[in-house]
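Data block below; observations after.
Order of the sequence lines sets the chain letters (A, B, ...), proteins ahead of strands, with each chain counted from 1. Being a predicted model, the structure only gives us computed values, none of them experimental.
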Amino acid sequence: MNLFAEIRSLVTASLDALVTEGVLPQGLDYAQVAVEPPRDAAHGDMATNAAMVLAKPAGMQPRAIADALAARLATDPRVTGAEVAGPGFLNLRLSPVVWQSVVKAALVEGTGFGKSTLGQGKRVNVEFVSANPTGPMHVGHVRGAVVGDALSRLLAYAGWDVTREYYINDGGAQVDVLARSAFERYREANGLEPEIREGLYPGDYLIPVGEALKAKYGTSLLDQPESVWLADIREFATEMMMEEIRGDLAQLGVKMDVYSSEKALYGTGQIEAAIQALRDMGLIYEGVLEPPKGKTPDDWEPREQTLFRSTAHGDDVDRPVMKSDGSWTYFAPDIAYHYNKVQRGFDELIDIFGADHGGYVKRMKAAVSALSGGRVPLDIKLVQLVKLYKNGEPFKMSKRAGTFVTLRDVVEQAGADVTRFMMLTRKNDVTLDFDFAKVLEQSKDNPVFYVQYANARINSVMRKSVEAGIDCGDAALSGADLGILTHPAEIEMAKKIAEWPRLVEIAAKGNEPHRIAFYLFELASEFHGLWNKGNDDTSLRFVQEGNAATSAAKIALARAVGVVISAGLGILGVTPVEEMR
RNA sequence: GCACCCAUAGCUCAGCUGGAUAGAGCGUUGCCCUCCGAAGGCAAAGGUCGCACGUUCGAAUCGUGCUGGGUGCACCA
């Protein structure tokens with residue numbers, strides 16, 4: 001139940017009526033008509049800009065439209081006040097009955113209360129993490145994983161058919177490095193001194209791979225040249241790394257639907273087919289790129305390459321797809337992979353990249369635009385760095401020494417729920433500070449705790465009430481006499497609940513899961529405020545001694561908050577707690 | 001040199017895709033509480049939304065040009 005959508009329907013229906021009466025001309029487009037909560041509560045419960053956006057096309061004064069619309073709207077029983085303000089805003093006040101019905105809807109619909117059909121079942125592919133399979137996941141990957149997963153849950157909640165996908169970069173040179181590094185660990189497992197040369201991966205995590213290689217191959221590969229073992233060990237080590245990464249993701253509560261392999265694109269003609277498709281559009285040519293102005297690389301030399309005319313689709317320069325030695329650049333399989341996604345019939349594509357890949361988005365969008373004939377939009381979210389702290393002290397990590405903070409380190413210290421929530425307390429394109437001490441703090445300063453605590457309080461109230469003999473099942477509560485909820489503080493609470501379905505749609509439209517976290521904080525804040533008022537004004541307490549009917553109504557309100565918190569945390573992938581420990 | 005991201009209260013950040021007098025937390029200041037409905041509460045002060053033009057009924061939001069910070073820039077992914 002989206003109250004804002006309902007009132008908007010009321011507004012447009014009223015506009016239609018005014019057209020029928022001849023007050024307004026025919027053929028008006030209502031697309032720009034919005035019904036929103038006013039910034040200032042003193043302006044009422046909802047505001048519409050209808051009069052202002054229609055003034056010009058209707059050839060009328062905004063006030064004239066607003067007055068006519070106000071009179072019309074005032075006849076609806078839900079509307080208790082309609083006044084024109086400012087340059088032509090129409091402010092509406094709604095009956096308490098409306099807000100009470102929101103509480104009831106939340107109880108009846110449960111965590112489906114904010115669900116939307118906005119996505120119309122469209123198929124969206126969300127590609128995220130896609131970490132190189134050369135080691136365990138580190139902190140840098142955590143945020144992308146959480147954002148991608150929460151976004152997937154959000155879109156599913158808002159009516160999309162979501163596929164979560166991981167692209168395994170197992171086709172490039174870095175997996176050869178992995179294989180060579182693993183080979184040294186294999187030698188080590190056989191009692192030889194490993195030679196971790198410059199450029200190899202020094203991390204301890206490859207020791208078990210060496211052990212496993214020994215278990216499989218014994219000593220048979222020790223004296224063999226690289227050409228004999230490289231492919232096999234590469235495959236073996238990559239698979240072990242992916243196993244580890246899957247485990248890491250599982251710890252975070254992330255489950256991919258599809259793992260796609262870069263390597264699988266080679267040798268199957270998929271890259272060739274994708275490039276051919278571009279070629280057929282006249283977007284592939286042989287040419288020489290200009291050197292970048294201002295900063296010419298020392299070893300730059302004019303070189304003829306096979307280029308993709310990405311500038312035809314919004315890029316700044318054309319991009320090479322084939323190296324001078326005839327092999328593909330890294331861009332070519334990426335094109336093929338995205339072509340593959342398009343061909344699988346997705347209506348929308350989303351990629352979650354690290355911010356250091358920002359220079360990559362235009363060419364990727366250009367490729368998808370070309371290969372889908374402009375049919376499939378690609379949204380690329382860049383996720384900024386996470387800076388780790390402990391009690392305000394920066395946490396250092398050194399990739400060179402192979403000692404980095406892994407995803408496991410983070411989850412083991414902070415827990416998956418806390419980690420996930422914190423990763424969503426910033427918009428994706430802003431760097432985020434993560435302090436191991438602060439995120440576990442039980443205080444108002446900690447948004448995770450604050451939201452969880454609200455939910456715990458709600459459950460505490462219900463536990464107590466059940467002991468007092470009040471049926472706190474949603475069915476029973478939704479049947480309570482909610483007309484009792486008339487106190488302004490209670491109405492305010494209900495208004496905040498009413499925003500939930502609208503917020504889901506806003507967040508989904510922008511692919512912005514962080515909005516859910518911020519909303520939950522506001523919702524919890526409103527709830528704690530109401531709770532605190534109960535300290536002084538006992539009539540606002542949820543449990544009213546000796547008055548089961550009143551208690552039921554007030555508990556219903558609390559439970560409605562709990563329903564929304566549960567739904568919201570569900571989107572974030574965070575488990576709601578019923579008790580603070 | 002070019003592209004992308006960021007710039008909002010002392011600090012950390014929201015801000016509904018163009019709406020009304022720009023919000024929250026921390027910090028500061030002042031009251032209150034210390035009752036397990038505990039892990040504090042209430043209130044106040046605090047702003048040239050980096051700067052300048054432009055678009056229009058209306059701009060933190062859109063456009064252009066600057067300033068400052070970050071990221072990236074052909075034969076690496």
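Phosphate proximity of C73(B) to Arg319(A): absent, as no side-chain N or O sits under 4.0 Å from OP1 or OP2. Distances shorter than 4.0 Å separate none of the side-chain N or O atoms of Lys444(A) from OP1 or OP2 on A39(B). In this structure, Trp531(A) reaches the A38(B) phosphate: one of its side-chain N or O atoms is under 4.0 Å from OP1 or OP2. In this model, the phosphate group of A77(B) is approached by a side-chain N or O of Lys323(A) to a distance below 4.0 Å at OP1 or OP2. For the pair Lys362(A) and C4(B), the criterion of a side-chain N or O lying under 4.0 Å from OP1 or OP2 is met. Residue Arg363(A) has no polar side-chain atom (N or O) positioned under 4.0 Å from OP1 or OP2 of A3(B).
Using a 4.0 Å heavy-atom criterion, one finds that Phe542(A) contacts the bases of the nucleic acid, with or without backbone contacts as well. Residue Pro320(A) is classed as a sugar-phosphate contact, given heavy-atom separations below 4.0 Å to backbone atoms only. Val361(A) comes within 4.0 angstrom of nothing in the nucleic acid, heavy atoms only. As judged by a 4.0 angstrom heavy-atom cut-off over every strand, Asp536(A) is placed among residues making no nucleic acid contact. Within 4.0 Å (heavy atoms only), Glu36(A) reaches sugar-phosphate atoms of the nucleic acid but no base atom. Met322(A) comes within 4.0 angstrom of nothing in the nucleic acid, heavy atoms only. As judged by a 4.0 angstrom heavy-atom cut-off over every strand, Ala47(A) is placed among the base-contacting residues. Nucleic acid contact for Glu301(A): base, since at least one base atom lies under 4.0 Å from a heavy atom of the residue.
Of the C1' atoms belonging to G15(B) and U21(B), the separation is 16 Å, rounded to the nearest Å.
The partner of A7(B) is U67(B), judged by Watson-Crick or G-U wobble contacts that both fall below 3.5 Å. Nucleotide G72(B) is matched to C2(B) when pairs are restricted to Watson-Crick or G-U wobble geometry with both distances under 3.5 angstrom. Under the Watson-Crick or G-U wobble criterion, with both distances below 3.5 Å, G58(B) is left unpaired in every strand shown.
Regarding the sugar-base torsion, U17(B) falls in the syn class, its angle being within 90° of 0.
For Thr538(A), there are no side chain to side chain donor-acceptor pair (under 3.5 Å) partners, not counting sequence neighbours. Here Lys341(A) pairs with Glu127(A), Asp351(A) under the salt bridge (Lys or Arg N to Asp or Glu O under 4.0 Å) rule; sequence neighbours left out.
Both geometric conditions, a ring-centre gap below 5.5 Å and a plane tilt below 30°, are not fulfilled together for Tyr453(A) over the base of A39(B).
Under a 4.0 Å N-O distance rule, the pair Lys464(A)/Glu467(A) does not qualify as a salt bridge. By the 4.0 Å N-to-carboxylate-O rule, Lys495(A) lies close enough to Asp45(A) to be salt-bridged with it.
Closest to the Ala85(A) side chain, of the nucleotides A20(B), U56(B), A38(B), is A20(B).
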Check the interface with nucleotides 9-14 of chain B: list each N/O to N/O pair with the protein under 3.5 Å, or write none.
unit_1, atom_1, unit_2, atom_2, d
U12(B), O2', Arg426(A), NH2, 2.6
C13(B), O5', Arg426(A), NE, 3.3
A14(B), OP1, Lys427(A), N, 2.9

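Under 3.5 Å, the side chains of Ser116(A) and Glu505(A) contain a donor-acceptor pair of N or O atoms.
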